[in-house]
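Report on one structure; see the data block that follows.
What you see below is based on every heavy atom in this structure, not just the backbone, and it leaves out hydrogens, waters and symmetry mates. A, B, ... follow the sequence lines: proteins, then strands. Residue 1 opens every chain.
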Amino acid sequence: MPAPPRLPTGVVPENFTEPAKRIHDGADLQFFLQSLAYRDVVTFILQLNRSMVPRKRIADNTIHEYRLDGMQQQDLLPQVKAILDLLNRLQTFIEDAPPDTGPRRFGNVSFRKWYKLVEDGLDAMLAEILPSKTQPAIVELKAYLLGSFGSAQRLDYGTGHELSFLAFLAALWKLGYFTSPAQSSTTSHPNNNTDSTSTIERQIVLSLFQTYLSLIRSLIQVYNLEPAGSHGVWGLDDNSFLPYIFGSAQLAPAIPEDNPSSPSPPIPTPTSGSLPSAVDPTIITKPTQVDAEAKSNLYFSSIQFIYTVKRGPFWEHSPMLFDISGIKDGWGKINKGLIKMYEAEVLGKFPVVQHFVFGSIFRWEKDPDAKVVQQTTHSTSHPLRNPMVGAGGVASTRPGQGVGTAAPWASVGGGGTATAPTGFVNGVTQAPWARQAGSQRPLHPPPPSLSGSRGGLSASLLRGPERRPVSAASANELKLAAKTAETIPEGKEVGDGN
Amino acid sequence: MARCAALLRQQMMRPEFLRRAWMSQLNEDGDEEASFSFPSSLIGLERWRLPQEGCVEFDQPRSSIVRSIRDNFEAIEEDATDLAIAQLRACRPIPEPQVRELCYKARELLIEEGNVVTVDAPVTICGDIHGQFHDLMELFRVGGDVPDTNYLFMGDFVDRGFYSLESFLLLLCLKVRYPDRITLIRGNHESRQITTVYGFYDECIRKYGSANVWRYCCEVFDYLALGALILGASTEVPENRMQEKTFDTQTTLPDQESEIECEVLDANGEVREKLFRSQGNMNPASASRKSPAPDRDPAESSSPATTVSQPPTSPSQSNTKPPTASLFQPPSTTTGSLLCVHGGLSPLISTLNAIRLLDRKQEVPHEGAMCDLLWSDPDDIEGWGLSPRGAGFLFGSDIVRHFNHKNDLSMIARAHQLVMEGYKEMFSKQIVTVWSAPNYCYRCGNVAAILELGEDGSHGGCIRRANGSEGRREMVGGSVNSVGDGETTNGSNQNGGGLNAVLWNLATPGRRYRVFEAAPQGTRGMPAKKPVGEYFL
């Protein structure tokens with residue numbers, strides 16, 4: 001893996017627009033993987049990832065690690081501090097929206113109160129911290145930040161929301177927010193890889209991102225937020241992914257610091273081996289050792305959180321992490337694998353990225369330099385999601401299907417309406433093809449002929465807002481529809497169900 | 001013969017045997033007798049010839065060996081299933097060829113079942129399992145083993161947990177071995193599409209390296225019944241088989257006040273709560289002291305809290321609310337039937353016959369009656385509502401009351417929703433949610449429950465379905481001046497505008513809930529780490 005380029009900073013678009021969802025089906029997903037937005041997201045992740053890898057100073061052979069507990073408050077850039085304060089304020093909102101003690105199943109409805117407080121206050125809070133030049137960007141920044149706390153409707157949180165926060169940070173980066181006004185002229189070149197400038201990235205990860213994770217963990221625990229789109233125990237983690245990437249980078253072997261005097265090409269990010277002092281990955285099954293490492297490392301901080309929310313043998317409730325801990329080639333290898341896995345299992349998964357929004361910062365445009373199709377990563381990982389296509393053949397013998405094949409439920413949502421992700425609502429499973437009931441976009445009107453058509457019935461039901469008793473009028477309509485529908489022979493009814 | 005069968009049985013359990021065996025052509029070696037058609041359920045192929053090595057063991061002509069296999073076929077098959085059951089009980093997956101064979105047999109069996117299976121009480125009803133194998137073992141410990149206990153599982157065997165495969169295959173094996181002692185109906189997770197999203201597919205890939213086993217299982221899913229109708233359930237709580245002898249003498253004493261309608265037992269068979277007939281409603285809400293914020297059905301919150309906790313049977317308390325002078329004394333032993341379904345009702349289904357007419361042998365559709373039965377949820381609304389799940393509907397108490405009335409049902413049992421207390425009765429006991437996956441997803445902290453129904457001895461398992469026969473019905477949702485039965489609650493008075501007529505419903509069956517927690521994890525050893533796959537190569 002060559003040294004990754006850095007995301008250009010200080011490039012402010014002329015017009016900002018309300019970002020919108022673009023990924024509606026498999027073809028859109030394929031386009032996304034070759035879009036400018038995808039490029040920017042991946043670039044930013046690799047950039048942050050590299051910044052977390054320890055550095056070795058050639059001169060005195062000393063190794064610098066970047067630890068969570070090595071971050072001094074007084075060293076923080078004022079811009080970073082401002083975002084930090086914002087996140088801490090959101091944390092205090094929890095006190096203003098105490099968990100509901102009334103009837104509940106699992107997820108706590110008071111999360112919606114908290115969310116509303118954030119939603120209402122976010123414009124003002126962002127306006128406070130942004131320089132006047134970037135004020136117009138609030139409309140876009142807000143979408144990413146608000147999208148990063150989980151779903152108020154479904155009371156769940158997953159990697160899609162985490163991605164949204166990363167996009168928020170990347171958007172600030174692109175707008176030049178983190179580079180102080182004095183430095184604003186020094187727009188980074190794509191290959192400007194002097195590690196000394198990685199200080200900002202390190203602060204972003206160790207301070208901002210970790211504080212964000214703390215906030216999320218509070219929300220998950222206080223409001224019992226549920227995993228969004230979970231593969232049961234077979235996903236990496238119920239909620240998070242990025243901290244495992246950044247945390248494994250923290251323990252990768254050190255990169256020799258660039259010598260400013262020699263113009264040699266930058267050293268690539270290590271893909272195997274570990275820092276000599278790094279802890280062994282196998283300690284994840286030992287909670288006390290995990291607790292000790294959690295203070296300094298993002299990976300173990302996440303493992304520690306798993307221990308606080310889950311009961312049972314670790315290898316049973318988190319088999320992926322358990323198996324990863326058996327990798328012999330060190331944290332560099334784990335880091336590389338996790339990045340590949342992230343591209344395939346998060347960025348390449350329709351249920352996750354269908355909620356990502358696009359505007360002028362993250363553009364829904366083809367990246368002219370995009371590789372044709374990343375066959376290796378995506379197609380080899382993807383057949384798992386495509387088993388229905390080839391009832392006869394072995395799924396993994398279907399390269400090229402890749403992410404391009406529409407998810408079975410993708411077209412069901414009906415064009416413009418985004419489908420809801422796959423979480424479980426109130427401790428229950430949600431249909432992968434579910435429409436998002438709270439969607440701003442209007443649902444399709446029912447077909448003109450309601451009579452006798454099951455589709456018509458569903459459509460008329462779907463018109464109402466979610467979880468509200470159907471009003472008297474619509475209830476009558478429903479009964480009528482149900483009555484008409486009843487007259488159809490049931491056998492035929494379901495026969496055309498799919 | 002016995003030796004032959006035993007040896008053959010051993011051979012057949014071994015994959016090498018299957019590999020060595022080959023297709024035999026009739027008359028190939030001129031031995032008409034030697035060649036006969038094995039039922040393909042045994043091994044999966046139409047015709048088999050014994051491997052030469054196997055024949056050497058027997059000092060007899062091949063034809064007689066084949067004859068002996070044929071004659072002992074059922075015994076051999078049963079033994080093979082028993083071996084598979086033993087292996088699965090030890091939480092070890094069975095080899096792929098055997099899964100294939102098992103699924104074939106199961107399909108042959110399930111295809112004979114109707115969309116709505118008729119089950120005679122006594123029966124123990126269980127909710128979602130979700131691959132929590134060790135908790136399923138705990139369930140069998142608490143509820144009794146198969147075939148001693150007659151079980152009905154309401155779907156969602158797979159997904160989320162670590163042992164979907166072992167759990168489902170064990171249940172399927174038990175079904176094949178004891179078809180009349182265990183009933184499996186389909187849940188919304190018994191679907192190709194859902195299992196690819198929620199873990200079962202990934203699990204099969206991880207455990208077998210290919211999707212074949214997943215595919216076999218999905219084929220079985222398509223044959224699972226959509227519901228079950230329980231007949232002959234008693235109004236009395238079933239005899240407590242699992243209880244200590246000392247308790248037995250107490251419970252068999254003639255009840256002085258009134259019969260027990262519902263009781264809640266913990267995993268050790270200790271009675272936690274009792275409810276006497278005509279006293280009110282049983283809810284984990286009023287029962288559980290551990291949860292101050294119970295999941296209570298508002299319609300029932302006004303009913304008097306008459307739950308008597310330990311020590312059981314307190315005459316003074318049960319006297320505080322004297323037996324009402326109801327014209328409709330609770331029936332002696334007869335109830336209506338119970339419908340068991342994974343999710344709930346559908347606006348397209350108004351009678352049980354409508355369910356029977358569905359063509360169920362297919363992937364669960366995204367909409368329509370079959371989908372609704374597996375996806376819908378009861379909710380505190382009137383009529384039908386939009387489900388936040390994106391499939392199925394929400395339905396209110398009026399819908400349930402009408403459906404039960406119309407179909408002579410005393411109750412609907414369903415699963416599909418996590419309930420922290422393990423079970424939840426709603427709508428004046430017209431519907432109950434049973435949840436059998438404790439500490440769901442390793443993190444929810446809930447307990448699980450199973451529901452036992454007793455047998456109505458007087459009718460020998462065959463119930464008269466006469467509508468409105470005397471003494472069989474209780475009033476529900478009646479007017480204020482009606483008999484002061486616990487059924488008459490504010491909640492039920494409010495709903496059903498235009499519903500002035502009194503509805504009569506069948507007596508609620510006696511219910512025993514056994515509540516249990518997640519199995520202790522002490523016995524589970526840590527496995528070896530597996531290679532993580534291509535990302536980390």
Checking B:N439 against chain A: side chain, backbone, both or neither under 4.5 Å from a heavy atom?
side chain

Pair B:Y201 and A:W234, ring centroids less than 6.0 Å apart:
no

Relative to each other, are the rings of B:H130 and B:W435 parallel, tilted or perpendicular (30° and 60° limits)?
tilted

Check whether A:S272 reaches the backbone of A:K333 with its side chain - one donor and one acceptor, N or O, closer than 3.5 Å.
no

Is there a side-chain contact between A:D323 and A:W315 in this structure, where contact means two heavy atoms from C-beta onward sitting under 4.5 Å apart?
no

Measure B:R360 against the heavy atoms of chain A and call it side chain, backbone, both or neither at under 4.5 Å.
neither

Among the options A:K310, A:E316, A:H317, A:M320, pick out the one with the most heavy-atom pairs lying under 4.5 Å from chain B.
A:E316

B:Y198 and B:H189 aromatic centres sub-6.0 Å:
yes

The interface call for A:T285 against chain B, heavy-atom contacts under 4.5 Å, is side chain

With sequence neighbours left out, write down each residue that passes salt bridge (charged side-chain N to carboxylate O under 4.0 Å, His left out) with B:E190, or none if nothing qualifies.
none

Non-hydrogen atoms of chain A under 4.5 Å away: do they reach the side chain of B:A528, the backbone, both or neither?
backbone

Please flag which part of A:I306 lies under 4.5 Å from any non-hydrogen atom of chain B: side chain, backbone, both or neither.
neither

Quick one: what part of A:I327 sits under 4.5 Å from any heavy atom of chain B, side chain, backbone, both or neither?
side chain

